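Reading through the structure tokens given below for one structure.
The first residue in the sequence is number 1, and the count goes up from there. These numbers were taken from a predicted model, which means no experiment stands behind them.
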Amino acid sequence: FAQLEEVVAICRLMWTEAHPTFTGEHFSIDDAAATPRPDVAPRVLIGSSGEQVGLPIVVYNVPGRTGCNVDVATLVRLSGVPGIVAVKEASGNISQMVEICGAVPKDFLVLSGDDALTLPLMAVGGHGLISVAGNEVPGEMARMVERAEQGDFAGARQIHNQLLPL
């Protein structure tokens, strides 16, 4: 974490210079997902701990938006930080997703960040999704996830195939 500490120190310095009233208790910069440009460096969310932030934290691994991938080893370390409860995994790398599901604690949620990969992710231990298509067809997405959670992969696959064109 030495490099991370250096990045945090630099970001904290840049932030405090721009915002002199910043107290230093928590440090956050808005989520990079707000912009579709992959050349924008990923934003950093740092807190003394997730417990002090007071809200559950979901790590967003969306390399298509941030230009970098959160690797398995980093996610494993983050999964042990109090208050960090889940990852939105949108790397598109099925091998990585399988490895993450096997490496993080069982109570750490691995959520799909790609609607089309939700069912495959759930088949290897994922827990659901943070959906785009769910804004248009929330009931269908919820039913697909529920069926997968119940082990009805044939039923979930039928819904998945109907939704795939979205």
Is any side-chain heavy atom of [X] closer than 4.5 Å to a side-chain heavy atom of [Y]?
X: T118; Y: H160; result: no
X: Q96; Y: E89; result: yes
X: V59; Y: S79; result: no

Counting N and O atoms only, with roles assigned by atom type, does the side chain of H127 sit under 3.5 Å from a partner on the main chain of V110, one being a donor and the other an acceptor?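 At least one qualifying donor-acceptor pair exists.
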Checking N61 side chain against V70 main chain: does a donor-acceptor pair fall under 3.5 Å?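 Yes.
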[X] and [Y]: same hydrophobic cluster, using ILVMFWY side-chain contacts below 4.5 Å?
X: M144; Y: L117; result: no
X: M122; Y: V137; result: yes
X: V98; Y: F108; result: yes
X: V124; Y: L75; result: yes
X: L163; Y: L121; result: no

With sequence neighbours excluded, tell me which residues meet side chain to side chain donor-acceptor pair (under 3.5 Å) with N161.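 Side chain to side chain donor-acceptor pair (under 3.5 Å) check on N161 returns nothing, list empty.
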Which atom of G125 lies closest to which atom of C101, heavy atoms considered: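 Where G125 meets C101 most closely, the heavy atoms are C-SG, 3.7 Å.
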Taking all non-hydrogen atoms of both residues, which atom of A148 and which atom of A156 are closest, and how far apart?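 Taking A148 first and A156 second, the nearest heavy atoms are N-CB, 3.9 Å.
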Under 3.5 Å, side-chain donor or acceptor atoms of residues 128-135 against the rest of the protein: list the pairs with distances, not counting sequence neighbours.
from	atom 1	to	atom 2	distance (Å)
S131	OG	D115	OD1	2.7
S131	OG	A133	N	3.2
S131	OG	G134	N	2.6
N135	ND2	V132	O	3.2

Pairwise distance CZ(R157) to CZ(R147) - rounded to 0.5 angstrom: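 R157 atom CZ to R147 atom CZ measures 12.5 Å (nearest 0.5 Å).
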Hey, could you give me the CD1/CG distance between I84 and L109, rounded to the nearest 0.5 Å?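 It is 13.0 Å, given to the nearest 0.5 Å.
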Has E140 got more than 12 heavy atoms of other residues, nucleotides or ligands less than 6.0 Å from its CD?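 Yes, the 6.0 Å shell around CD holds more than 12 heavy atoms from other groups.
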